[in-house]
Trainee: 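Pasting in a structure now, in structure tokens, and then I'll have a few things to ask.
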Amino acid sequence: MTTQFVSVTTRKDWSSDQEVRWCPGCGDYSILAALQLLLPELNIRREETVFVSGIGCAARFPYYMNTYGMHTIHGRAPAIATGLAVTRPDLNVFVVSGDGDALSIGGNHLIHALRRNANLTILLFNNRIYGLTKGQYSPTSERGKTTKSTPQGSLERPLDPISLALGAGATFVARTHDMDRSHMQAVFRRAHEHHGTSLVEIYQNCNVFNDGAFSDINSKESRAANLINLRHGEPIRFGANDEFGVVGDDTGALAITTLGPENESRVVVHDEHLANPARAFALARLMVSDHEPTPMGVFRDVDEPEYGDQISLQAAASREARGEADLSKLLRSRGSWHVD
Amino acid sequence: MTTQFVSVTTRKDWSSDQEVRWCPGCGDYSILAALQLLLPELNIRREETVFVSGIGCAARFPYYMNTYGMHTIHGRAPAIATGLAVTRPDLNVFVVSGDGDALSIGGNHLIHALRRNANLTILLFNNRIYGLTKGQYSPTSERGKTTKSTPQGSLERPLDPISLALGAGATFVARTHDMDRSHMQAVFRRAHEHHGTSLVEIYQNCNVFNDGAFSDINSKESRAANLINLRHGEPIRFGANDEFGVVGDDTGALAITTLGPENESRVVVHDEHLANPARAFALARLMVSDHEPTPMGVFRDVDEPEYGDQISLQAAASREARGEADLSKLLRSRGSWHVD
Amino acid sequence: MVVHEQSALENVVLRFAGDSGDGMQLTGERFTSTSALFGNDLATLPDFPAEIRAPAGTLGGVSSFQIQIASYDITTAGDSPHVLVAMNPAGLRANVHLLLPGAMIIVNGDSFDERSIAKAGYRTNPLEDGSLDSFNVTSVPMTTLTTEACRDAGVKPRDAERSKNFFALGLILWTFSRSLEATLEWIERHFANRPTVAEANRRALHAGYHFGETSEMYAPRFDVAPAPYPSGDYTNITGSAALSWGFIAAAHRSGLPLFLGSYPITPASDILHELSGRKEFGVITFQAEDEIAAVGAAIGAAYGGSIGLTTTSSPGLDLKSEAIGLAVSLELPLIIVDVQRAGPSTGMPTKVEQADLSHALYGRHGEAPLPVLAALTPSDCFSAAIEAVRIAVTYRTPVVLLSDAALANATEPWRIPELDELPVIDAHFANGPNARTDDGAPAFHPFVRDASTLARPWAPPGVAGLEHRVGGLEKADELGHVSYDGANHERMTELRAAKVAGVASSYPALVVDDPQGDATVLVVGWGGTYGSLAAGVALARQRGAHVAHLQLRYLNPLPRDLGAILATYERVLVPELNLGQLARLLRAEYLIDVASLHKMRGAPFTSTEIADAIDAAIREKP
Amino acid sequence: MVVHEQSALENVVLRFAGDSGDGMQLTGERFTSTSALFGNDLATLPDFPAEIRAPAGTLGGVSSFQIQIASYDITTAGDSPHVLVAMNPAGLRANVHLLLPGAMIIVNGDSFDERSIAKAGYRTNPLEDGSLDSFNVTSVPMTTLTTEACRDAGVKPRDAERSKNFFALGLILWTFSRSLEATLEWIERHFANRPTVAEANRRALHAGYHFGETSEMYAPRFDVAPAPYPSGDYTNITGSAALSWGFIAAAHRSGLPLFLGSYPITPASDILHELSGRKEFGVITFQAEDEIAAVGAAIGAAYGGSIGLTTTSSPGLDLKSEAIGLAVSLELPLIIVDVQRAGPSTGMPTKVEQADLSHALYGRHGEAPLPVLAALTPSDCFSAAIEAVRIAVTYRTPVVLLSDAALANATEPWRIPELDELPVIDAHFANGPNARTDDGAPAFHPFVRDASTLARPWAPPGVAGLEHRVGGLEKADELGHVSYDGANHERMTELRAAKVAGVASSYPALVVDDPQGDATVLVVGWGGTYGSLAAGVALARQRGAHVAHLQLRYLNPLPRDLGAILATYERVLVPELNLGQLARLLRAEYLIDVASLHKMRGAPFTSTEIADAIDAAIREKP
Ligand SMILES: Cc1ncc(C[n+]2csc(CCOP(=O)(O)OP(=O)(O)O)c2C)c(N)n1
Ligand SMILES: Cc1ncc(C[n+]2csc(CCOP(=O)(O)OP(=O)(O)O)c2C)c(N)n1
Ligand code: SF4
Ligand code: SF4
Ligand SMILES: [Mg+2]
Ligand SMILES: [Mg+2]
């Protein structure tokens with residue numbers, strides 16, 4: 001990609017000719033729209049953009065993008081995309097996954113992708129349910145969830161993708177939600193710009209099998225009280241009148257408090273770039289149960305060597321040390337003799 | 001197991017008749033000894049004790065224990081043990097795994113076992129290398145490690161099992177090392193007593209493929225300076241004269257400092273039972289690079305419902321609601337009609 | 001077949017079709033229930049789009065439900081519907097090609113507006129352009145009539161419209177001379193806490209029924225008499241429910257707890273759903289993080305003395321290979337259910353195929369043989385489940401039980417067995433030493449074998465003195481500890497193979513369906529094609545063919561009497577929903593040049609396809 | 001065979017055996033090197049314990065290395081060693097049963113102390129109890145002589161002792177009339193920065209050599225002349241290295257980058273090790289978190305236009321099944337190498353077996369056919385790798401290439417090909433539209449097929465206008481978008497099968513080894529048994545049998561000329577290191593009653609086993 005290139009595409013250019021087949025009202029539509037509207041602004045080429053997905057409702061995403069795309073198998077998209085990204089550093093590789101795809105069957109590939117830090121942008125559509133298979137609970141479902149496979153309620157405590165990612169050493173971790181296009185776009189842009197693996201959790205409503213899973217947080221009525229917008233360099237405050245703030249307590253955890261002159265100075269100032277992930281983790285664990293005020297935005301964004309870059313460096317070092325590849329020499333490298 | 005039962009076994013009773021086949025000098029021997037000496041003290045029965053392992057040097061462990069045992073397949077021991085533990089709540093189920101087994105191929109089963117919280121004691125022998133396959137780097141190998149499969153050095157940042165476990169919602173997380181039998185025993189005992197899934201990372205020396213991986217921390221000479229003993233309710237101090245301490249900094253991270261009257265009060269007091277895992281996570285992330293002072297002991301020990309118990313409750317509720325099982329009724333539950 | 005008015009018929013094939021949102025599966029199920037209660041024999045074939053919802057009104061979104069009802073013993077939902085109920089243009093277009101000339105078509109006339117017609121891919125209105133002239137078409141303004149009927153019922157017109165499937169059902173019930181009673185009762189129960197919806201449905205149902213009775217434009221009426229059934233209690237059952245109950249019954253008859261480890265996948269998930277609500281039967285269901293954990297947990301449970309069960313569909317079976325190999329090596333009982341769907345890879349997830357047979361037989365590294373069974377009909381799933389448990393427990397071996405997407409969802413009436421008719425399964429747990437050490441002390445050797453079955457002891461933890469270790473490394477014969485001795489490995493490999501081969505000695509004798517006893521052509525099928533092959537054979541016989549039919553339930557080891565049977569026919573025809581996997585097996589085993597008939601269209605064979613192939617085979621006979 | 005003194009021999013089989021810590025593999029390799037330089041044909045067979053180290057001195061800890069050197073073309077490391085060098089009692093006990101009467105045994109006498117003798121499981125000292133009377137035994141106090149030789153060399157006695165394998169090597173080099181030069185040079189290079197170790201080894205080597213020369217007690221000496229080789233440059237190569245280099249060569253001749261995704265597993269890891277050090281060749285190696293990620297990443301790389309390669313051994317292949325099925329459905333090039341080891345499950349990880357053939361053929365759900373090849377000899381691994389890439393790239397298909405634990409570690413001399421002798425592979429990337437839309441605009445349809453190969457276009461990202469989506473759901477013929485149409489699915493299934501079947505048209509003609517042309521019995525083998533079958537056939541011919549030999553490299557599709565060949569022999573004998581998997585394939589395909597000979601002992605066939613089976617087959621001929 002040359003730097004002179006200026007994209008003059010529109011949403012239509014990024015939309016494939018396939019009918020979109022999600023249920024009417026599904027949150028996936030607004031994520032698709034957010035991305036199709038954002039991509040023309042990123043000054044990247046369609047033919048250098050690839051969407052790789054696993055299996056699930058979310059994973060149908062690539063079919064709707066007029067880019068290169070691969071709809072693969074359940075849970076393996078991060079691994080497949082890694083092979084693509086390291087061999088083709090010229091591409092913009094996006095991974096689209098669901099909470100089951102990324103965190104249940106695919107959990108291991110996800111954590112290894114995150115620590116490996118190849119140049120991937122992973123979008124995790126979290127609807128806290130298995131949509132495609134018609135409504136079983138997922139790893140992010142709240143405990144006690146009654147579903148087809150748990151008629152008496154589920155028993156496991158949910159996985160929080162943000163804390164899991166931080167535990168695995170992720171370099172870019174963010175959260176956004178399907179009800180706010182401009183927030184999604186801002187976060188997607190940042191994720192795309194991050195050189196390395198970025199993970200974006202997207203709260204996504206499945207109106208058929210888990211309707212309203214996030215409405216306590218992101219509905220018009222709840223947002224002011226329950227949605228915490230993280231902004232780098234700014235104190236973490238929220239509420240209709242910014243009356244609440246996030247402060248440290250003396251157990252190392254973060255807590256929410258009502259602000260007044262006496263404690264205003266204690267409000268934590270958000271810093272995405274801290275080398276130590278402890279603060280970001282504390283932020284991810286702000287909620288002790290569901291439906292509590294929830295941070296949105298970039299939790300962590302730090303620079304670490306990108307995996308593919310390092311491979312290129314090693315290849316260069318190899319050539320440096322041993323000279324350009326010489327097959328004929330290689331075949332003789334274990335000692336050879338001549339017979340006349 | 002009745003409560004009256006009093007164990008009168010010795011190490012010999014817990015040792016099988018199979019020759020131990022680890023390399024002479026391997027750290028696995030001392031872990032085996034620690035456990036074989038501890039078990040007689042736990043007042044449990046051999047026939048109610050099962051060791052389940054995956055594949056690796058560490059995973060040969062069950063063969064040496066005169067208990068029930070299963071040497072299974074690579075990475076899957078936590079899943080296999082879960083099936084056993086939930087169907088047989090009367091058993092003491094131990095899982096033995098290596099860093100490759102538990103964190104590479106088996107990473108997903110591990111995190112799901114941890115959040116599920118069935119009654120398992122998982123012992124993770126971390127030698128930061130693949131021993132059995134003769135020396136490739138593992139997920140815990142330090143970056144830049146030169147091995148057979150990485151002649152120019154490995155590229156990934158290592159996974160830290162403790163932070164990963166905390167990110168996954170583990171209820172019991174601890175670390176110990178093969179150079180200190182009584183520390184191992186104290187930690188193993190606690191792990192066994194925990195009702196739910198406990199994870200113990202054991203620093204284990206592989207003297208053949210990764211000799212001295214932990215000597216900066218646990219060799220006789222280094223211990224005072226680099227090994228931090230966590231003790232519940234006590235300030236986290238270490239050093240030959242307890243001259244160092246762990247304090248919070250204002251980015252939410254923990255840091256090490258030299259103590260004096262001016263800062264002594266700031267030393268963090270260790271609390272294993274904090275509901276919020278943020279502090280334990282910060283402790284796990286105390287080291288920003290290898291070979292720095294490293295905490296040993298129980299990072300976290302909290303009570304959450306055990307998975308198997310909850311299943312029993314649901315079964316009881318089911319019987320309560322629908323009466324005792326009646327197969328004949330079940331077969332007619334979708335409506336039936338009679339033909340003469 | 002041309003449908004006659006008011007005729008008393010032996011059988012009718014009826015198909016409901018509409019948009020995914022139109023409630024066609026529900027309509028079909030309700031009609032099925034009523035017909036079963038009435039005493040018809042019946043068979044159903046639901047057919048719905050892959051899991052992603054297609055945009056309303058398109059061909060991709062069509063959901064259909066076919067049912068055949070008959071006064072005699074039938075085995076399929078039939079090939080060509082005599083009656084098609086189409087709720088929208090797409091439903092019509094997707095199905096009209098199935099109909100023979102003269103078939104009856106009932107459409108919801110309100111849905112044939114310009115937009116919907118275009119969406120379905122029609123250029124002109126099929127109700128008007130003469131393209132349906134060879135059929136008997138009735139257009140009923142179902143939407144209008146339904147909303148009218150519901151006026152003042154307390155529902156909004158938009159919601160009232162949703163009840164139009166009950167209008168269609170009412171109309172069809174009238175057409176088939178059925179009473180509304182069972183449906184009304186069901187509405188009562190089902191919508192107990194949504195009284196206005198209940199009321200709307202009730203009104204729509206009545207409206208449809210009355211429309212049939214009063215409308216002048218509507219004439220033909222069918223009357224299918226009850227089938228002659230042996231006496232007993234009957235229920236309508238799907239393959240998924242029958243499988244689930246079969247496992248519960250096996251647990252009951254063995255006294256063992258049942259543990260299901262599963263990861264959701266269509267069309268296997270229904271077994272997980274069904275069993276997850278049965279904890280009072282000592283059933284534990286475990287929704288695992290993936291298929292590997294699911295089978296792993298089942299192995300752990302089996303080690304602990306439970307019936308270890310794992311259920312999946314085709315892609316999931318791939319992932320279980322390694323763990324199944326472990327179970328082969330450990331020689332522990334384990335049941336793996338594969339509800340086959342169309343592959344390869346994700347394929348067509350809701351469509352039927354039988355293409356996992358070779359995979360079930362050989363899909364593991366090394367020599368790792370295991371018994372493979374297949375269920376023949378929805379209700380046969382019940383006894384196949386019990387049989388799988390019997391073999392697994394008796395021989396200490398994993399067993400693969402094959403079902404398929406069609407069996408799983410199809411329904412048939414089933415005589416409910418008395419509990420004491422069910423086989424008893426004895427786990428025969430090891431309860432004490434079975435050997436002596438070199439110095440004569442009693443010992444437990446976990447790989448000493450039963451002389452007749454070659455099964456090893458099953459010794460769950462808990463018994464003092466039987467402590468032992470098992471693993472996936474090769475084990476010393478009898479002793480069970482790790483052995484790298486070559487001769488021992490060969491012996492163990494042969495023993496494991498001999499044990500599985502020996503399962504055939506426990507089979508019942510094969511029964512060939514050859515009523516006249518003079519057939520020269522034998523049709524051999526396996527598993528879920530039973531119904532379609534039986535129907536095809538029946539049709540061929542009607543056409544005058546002398547043909548025999550044998551449907552295999554046991555795929556590995558093959559029945560011992562099979563070779564002799566095959567040898568008595570001049571020509572063996574093997575129809576399969578794959579490219580010829582059983583055919584390959586029979587060729588290798590018996591060196592017989594069987595003819596393979598394959599179909600890979602995500603749908604069962606039709607009777608005509610089978611009958612035509614039989615005709616061809618008879619003509620081609622060597 | 002009785003060994004004569006000073007004799008000029010055509011071939012000798014030599015076996016080094018000792019404890020895992022005794023350096024036997026190194027000794028063997030050095031001897032191999034010297035013999036190769038000298039110009040012998042040779043073949044080696046390393047045999048070491050499973051990965052866990054057994055306690056020193058036990059049978060479980062014995063490590064052996066066998067080599068046959070010859071003045072003519074040989075194919076195996078031989079059945080029965082003429083000379084056994086045993087560094088300890090366990091090394092003797094583990095191998096003595098292999099020897100024929102009269103064989104020569106050289107032992108390290110120092111190691112026969114009471115404890116070691118007992119550890120090896122002997123009750124009495126075999127050097128003294130007469131049990132070795134039928135052999136020609138020489139006991140040399142190697143430890144003592146080595147430590148003495150190293151006195152004042154600057155190493156501690158304990159460390160000096162470690163050089164005793166060089167003593168043994170020196171002795172053997174003398175015995176075989178070889179010079180020390182190559183070994184001295186190697187020591188120089190290898191221990192460059194450990195000068196005292198180098199010195200100790202040098203001294204030990206000389207000491208051994210001189211001991212041979214001077215000792216009175218030691219008599220026989222062998223002299224094996226160089227084999228007549230076609231002119232060229234030669235190297236000694238193991239199967240693992242040959243495979244690795246073959247892939248590098250394929251990358252070179254196709255101009256494509258090579259991407260290896262792998263997860264360590266014995267005995268496949270050596271390929272990963274070898275390729276990880278070759279980044280200057282544009283090779284990327286990726287040690288993945290598991291086998292699924294490894295094959296997944298290779299698929300991603302293939303999608304991006306690289307040669308996607310994944311290497312594993314048996315249990316790892318199980319885990320790759322689902323992803324391989326995806327590659328079948330995507331129709332992307334992919335190479336899967338399975339270095340087979342003894343199964344089932346973990347089995348015997350360092351031992352050879354050929355039991356993954358059926359799994360390679362059928363180990364995926366659905367109809368998912370793919371080409372399967374097998375390498376025949378260590379050096380053939382090189383061209384088999386290139387051939388696998390050719391097929392994968394030409395036909396856009398995953399290809400399974402089977403090697404095995406014996407091939408991987410065995411060595412043979414190999415004439416290094418000139419680069420321009422190697423085939424050229426053309427990726428033929430799509431570079432523009434290949435179709436038109438309904439309204440005539442140029443379009444790219446990813447599933448339009450090449451008329452002759454039926455291959456679809458390979459269109460890696462980066463080219464504007466070729467943007468397209470692929471996936472594991474069934475695809476519409478030509479267009480490539482998702483399709484649930486039954487007829488389309490059948491067509492696509494048949495097309496995929498036809499494409500793979502068509503690969504056979506690109507094979508060279510089969511060449512049967514039947515020197516006299518009058519054989520009535522044909523031995524058919526596949527893959528890595530080539531050497532042992534050829535040797536067995538040669539032995540049978542020496543015994544007077546007229547027998548032909550055919551070794552298959554292509555297992556799917558089978559070669560088109562195979563059926564006709566099989567039909568010309570009265571009896572077909574199929575020896576395999578499994579329970580008869582190729583035999584089953586041939587029976588199903590050709591309806592021929594082939595005789596299966598199996599061996600499952602974690603070791604190659606011996607010539608005698610093969611020759612005896614040939615004799616039996618000739619006697620039994622129908
Ligand atoms: C190997 C395999 N196992 C199971 C399935 C069935 N399956 C498809 S999608 C899915 C989960 C979907 O949940 P999620 O990832 O949350 O995506 P959503 O549909 O909610 O967007 C499952 C279990 C499959 N296709 N493949
Ligand atoms: C499916 C599968 N993949 C790979 C292997 C090979 N393998 C055996 S153990 C192992 C890793 C061992 O490392 P670790 O778990 O750290 O145990 P250690 O030997 O170091 O104790 C590997 C890759 C295997 N046995 N099975
Ligand atoms: S099932 Fe849920 S997630 Fe899937 S398309 Fe429908 S609304 Fe969206
Ligand atoms: S290889 Fe390492 S971990 Fe394995 S037994 Fe030897 S020293 Fe221990
Ligand atoms: Mg979801
Ligand atoms: Mg390790």
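Note that this is a predicted model, so its numbers are computed, not measured. Protein chains get the first letters and strands the later ones, always in sequence-line order, with residue 1 at the start of each.
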Trainee: What are the two closest non-hydrogen atoms of B:R115 and A:R157, and how far apart are they?
Mentor: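 Nearest heavy atoms, B:R115 then A:R157: NH1-O, 2.8 Å.
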Trainee: So which part of A:N276 gets closer than 4.5 Å to some heavy atom of chain B, the side chain, the backbone, both or neither?
Mentor: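 For A:N276, the side chain is the part near chain B, not the backbone.
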Trainee: What heavy-atom pair brings A:Q152 and B:A317 nearest, and what distance separates the two atoms?
Mentor: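 For A:Q152 and B:A317, the tightest heavy-atom pair comes out as NE2-CB, 3.9 Å.
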Trainee: With side chains defined as the heavy atoms from C-beta onward, is the minimum distance between A:L164 and B:L164 less than 4.5 Å?
Mentor: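 They are in contact (side-chain heavy atoms under 4.5 Å apart), so the answer is yes.
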Trainee: Looking at chain A, which one of B:T251, B:L254, B:L274 has the largest number of heavy-atom pairs inside 4.5 Å, strictly under?
Mentor: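 Most pairs with chain A among the choices: B:T251.
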Trainee: Chain A: which of B:S104, B:A284, B:P161 shares the most heavy-atom pairs with it under 4.5 Å?
Mentor: B:S104
Trainee: What part of A:L103 gets within 4.5 angstrom of chain B, counting heavy atoms only: side chain, backbone, both, or neither?
Mentor: backbone
Trainee: Using side-chain heavy atoms (C-beta onward) and a distance below 4.5 Å, is B:H109 in contact with A:N108?
Mentor: no
Trainee: Tell me, yes or no, whether the heavy-atom count around A:D303 atom CG, taken from other residues, nucleotides or ligands under 6.0 Å, exceeds 12.
Mentor: no
Trainee: What part of A:L110 lies closer than 4.5 angstrom to a heavy atom of chain B: side chain, backbone, both or neither?
Mentor: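 Neither part, no heavy atoms under 4.5 Å.
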Trainee: So for A:P158, is it side chain, backbone, both, or neither that comes closer than 4.5 Å to the heavy atoms of chain B?
Mentor: backbone
Trainee: If you draw a 6.0 Å radius around CD in A:E320, do more than 12 non-hydrogen atoms from other residues or ligands fall strictly inside?
Mentor: no
Trainee: Among the options B:P277, B:G248, B:A282, B:A253, pick out the one with the most heavy-atom pairs lying under 4.5 Å from chain A.
Mentor: B:P277
Trainee: If you define the side chain from C-beta out and look only at heavy atoms, does anything of A:R143 sit under 4.5 Å from B:E304?
Mentor: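 Heavy-atom side-chain distance check passes, below 4.5 Å.
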Trainee: If I measure from the heavy atoms of chain B, does A:I311 come under 4.5 Å with its side chain, its backbone, both, or neither?
Mentor: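 Backbone plus side chain of A:I311, per the 4.5 Å heavy-atom cut-off to chain B.
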Trainee: Look at B:A275, B:P151, B:A278, B:A280 and state which one has the largest set of heavy-atom pairs under 4.5 Å with chain A.
Mentor: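 The answer is B:A278.
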Trainee: With a 4.5 angstrom heavy-atom cut-off, is it the side chain or the backbone of A:P139 that approaches chain B, or both, or neither?
Mentor: both
Trainee: Quick one: does A:H112's side chain get under 4.5 Å of B:L159's, heavy atoms only?
Mentor: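 A:H112 reaches B:L159 side chain to side chain.
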Trainee: Locate the shortest heavy-atom distance separating A:Y307 from B:L155; write the atom from each residue and the value.
Mentor: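 Distance-wise, the nearest heavy atoms are CE1-CB, 3.8 Å.
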Trainee: Using atom types as modelled and distance alone, determine if a side-chain donor or acceptor of A:Q310 lies under 3.5 Å from a backbone N or O of B:S154.
Mentor: no
